[in-house]
Structures are given as structure tokens and as C-alpha cells.
Undergrad: 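Pasting a structure here, questions to come.
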Amino acid sequence: MWSTEEFGASHEGQPGVVLADGTEPGPVFFDTGSGPDVHQSTSWWVYDGTLRAPVAAQLRGACSCGWRGERLYPIDWDQVDRREPYTYDTTGPEDDWERHIAEVEAGAAPLPDDVAALLAQVQERLDTLADTAPLAALRAVAALERTTQLIGRVAANLAAADDPAGERTGPALGITPDKARSRLVHYGLR
């Protein structure tokens with residue numbers, strides 16, 4: 001799975017599978033015997049035709065937000081190591097997903113340059129401080145947490161009042177509207 005720290009579960013990527021007829025199959029279920037738990041997987045290599053799974057013909061970039069890459073990459077099953085299928089080259093779908101993430105970033109609310117520079121400077125200084133004076137670094141982290149709680153609460157309440165459904169807030173933060181509403185509640189209640 002591919003992910004970014006900023007967008008988390010809203011934009012987790014993986015190689016998606018496409019069958020020969022052009023459709024995308026659902027998850028493959030594995031019955032492990034008695035018990036209520038049935039394992040399922042959408043890892044591309046489980047679509048190899050074994051255990052009644054469909055056979056994937058091609059890969060493409062896929063994202064948890066629903067985005068699917070347009071470019072298709074044929075799978076050469078003879079080149080897939082059955083013991084280590086994750087070693088198969090999936091850089092094409094991953095590159096497509098990275099372009100999708102770049103589009104998400106471009107559509108998100110821009111962070112002012114001076115704020116981005118200050119955040120980078122604070123991170124660099126705290127990295128050094130953690131090595132040289134860890135207790136001072138912890139005090140600084142606590143101060144930052146207090147600041148972010150206060151500012152986060154104010155910003156979240158204003159954003160929620162302006163966009164209660166999160167329809168504009170989600171894309172502005174690069175996440176789904178559901179995640180945006182959840183984030184606003186989280187910050188608003190801190």
C-alpha cells in the first residue's frame with residue numbers, strides 16, 4: 001500500500017486489478033475453516049486464479065478515494081514469484097497514483113509560504129533539540145500542542161459553520177467530506 005502522512009486513509013493507493021473483460025473485481029474471500037472470521041484481500045497477487053479467485057489481466061493505480069488510473073499495465077504471471085509476489089514491478093501504477101496525489105495537493109488549500117517556512121524551521125530546530133536537550137524539546141512540543149489545540153478549535157468551528165457538510169472543506173484539506181467532518185469535530189472538541 002502507498003500512502004502519504006498528510007492525506008492518510010483518504011488517499012491510500014495500491015495496484016488495482018482489471019480483469020480481461022475490463023471490470024474490476026471485488027475482494028477475494030478466504031474461508032479458513034470454522035469460525036466467524038472470513039479473511040478477505042484486494043492485494044493484486046491474490047487474483048491469480050487459485051482458490052476460485054478471478055485472474056487479473058492488468059494493473060492500474062487505485063486509490064481509496066475511488067480514483068482509478070486510466071493507464072493499464074499487463075501482468076505477466078510467468079514473471080510473478082509466487083512466494084514473493086510483492087517483488088513484481090508495479091512502478092507504473094504507483095507513478096500514476098503519485099500523479100493523482102500531486103493533483104490532490106494542487107487542489108488543496110495552499111499553505112502560505114511564510115507559514116510553511118516557519119513550520120520547516122520549527123521542525124528542524126526541534127529535531128536538533130530532541131538530540132541535544134530532550135526535556136527542552138518536550139516542553140516545546142507541549143507548547144506547540146497547546147497552540148495547535150487553541151487555533152485548531154477556532155479554525156474548525158469557523159470552517160464547520162461555513163461548510164457543515166464538509167463538501168468544500170474535504171477537497172480543501174485533500175480528504176473526503178466524511179473525513180473532513182470528522183476532523184472538524186476532532187479539532188472543535190479538543
Side-chain angles (χ1 to χ4, degrees), residues 1-18 24-27 40-44 59-73 86 90-130 134 136-190:
M1 233 222 229
W2 314 307
S3 64
T4 66
E5 193 171 336
E6 181 176 4
F7 301 127
S10 290
H11 289 286
E12 289 179 335
Q14 69 176 14
V17 296
V18 178
E24 181 176 323
Q40 67 176 335
S41 178
T42 56
S43 296
W44 70 268
L59 296 175
R60 67 177 168 192
C63 186
S64 61
C65 72
W67 171 89
R68 297 297 183 262
E70 293 180 18
R71 186 157 181 208
L72 300 174
Y73 302 86
Y86 45 84
T90 60
T91 54
E94 186 174 6
D95 290 346
D96 294 343
W97 174 81
E98 287 175 356
R99 281 190 285 283
H100 163 65
I101 293 301
E103 291 172 2
V104 170
E105 288 173 338
L111 194 57
D113 290 341
D114 63 327
V115 173
L118 282 171
L119 289 172
Q121 187 178 11
V122 167
Q123 181 176 348
E124 182 179 322
R125 182 65 178 106
L126 288 178
D127 283 343
T128 302
L129 196 59
L138 289 173
R139 285 197 67 202
V141 167
L144 282 172
E145 286 176 344
R146 289 189 300 273
T147 300
T148 59
Q149 284 177 358
L150 175 63
I151 303 302
R153 185 171 42 249
V154 171
N157 289 330
L158 290 172
D162 185 49
D163 182 28
E167 295 300 321
R168 291 185 315 278
T169 304
L173 297 177
I175 57 179
T176 65
D178 284 345
K179 295 278 186 194
R181 286 190 301 274
S182 176
R183 186 173 291 181
L184 292 179
V185 167
H186 170 78
Y187 286 133
L189 296 176
R190 286 175 62 176

Undergrad: Can you tell me how far the OG atom of S64 sits from the NE2 atom of H11, to the nearest 0.5 Å?
TA: 7.0 Å
Undergrad: Once rounded to the nearest 0.5 Å, what's the spacing between atom CD1 of I175 and atom CD of E6?
TA: 9.5 Å
Undergrad: Classify the ring geometry of W97 against W2: parallel below 30°, tilted from 30° to 60°, perpendicular beyond 60°.
TA: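 Rings of W97 and W2: tilted, 30 to 60°.
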Undergrad: Minimum heavy-atom separation for T169 and A159, please, with both atom names.
TA: OG1-O, 4.4 Å
Undergrad: Would you say Y187 has more than 12 foreign heavy atoms packed within less than 6.0 Å of its OH?
TA: no
Undergrad: Considering only heavy atoms from C-beta outward, does the side chain of L126 approach that of L129 to under 4.5 Å?
TA: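 Contact flag for L126/L129 side chains = yes.
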Undergrad: Could you check whether any side-chain heavy atom of L59 comes within less than 4.5 Å of a side-chain heavy atom of V17, counting everything from C-beta outward?
TA: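 They are in side-chain contact.
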Undergrad: Side chain to side chain contact (heavy atoms under 4.5 Å, CB included), that's the test. Do T4 and V104 meet it? Break it down for me.
TA: CA-CA 11 Å; T4 66; V104 170; over 6 Å; no
Undergrad: Restricting to non-hydrogen atoms, name the atom on G69 and the atom on R60 that form the minimum distance, rounded to 0.1 Å.
TA: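 Result for this residue pair: O-CD, 3.2 Å.
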Undergrad: Quick one: closest heavy-atom pair of A165 and P177, and the distance?
TA: O-CB, 4.1 Å
Undergrad: Counting only heavy atoms not in D113 (residues, nucleotides, ligands), do more than 12 fall under 6.0 Å from its CG?
TA: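 12 or below, so no.
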Undergrad: Test: salt bridge (Lys or Arg N to Asp or Glu O under 4.0 Å). Region: residues 155-164. Which pairs qualify, not counting sequence neighbours?
TA: D162-R168, D163-R168
Undergrad: Rounded to the nearest 0.5 Å, what's the gap from OG1 on T176 to CD on E167? Could you check?
TA: 9.5 Å
Undergrad: Any idea which heavy atoms bring T42 and Q14 closest together, and the distance?
TA: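 Closest heavy-atom pair between T42 and Q14: OG1-NE2, 3.2 Å.
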Undergrad: Any sub-3.5 Å donor-acceptor pair from T147's side-chain atoms to A143's backbone N or O?
TA: yes
Undergrad: Which pair of non-hydrogen atoms, one from R181 and one from P164, has the smallest distance, and what is that distance?
TA: CD-O, 3.6 Å
Undergrad: For the CD atom of E105 and the CD atom of E98, what is their distance to the nearest 0.5 Å?
TA: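 That separation rounds to 10.0 Å.
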Undergrad: Testing the basics here: between N157 and G188, what is the closest heavy-atom pair and its distance to 0.1 Å?
TA: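 Minimum heavy-atom separation between N157 and G188: OD1-CA, 3.9 Å.
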Undergrad: For R153, does the CZ atom have more than 12 heavy-atom neighbours from other residues, nucleotides or ligands under 6.0 Å away?
TA: yes
Undergrad: Please round to the nearest 0.5 Å and tell me the distance separating atom CD1 of I101 and atom CZ of R99.
TA: 12.5 Å
Undergrad: Please report the interatomic distance NZ(K179) to OG(S10), rounded to the nearest 0.5 Å.
TA: 5.5 Å
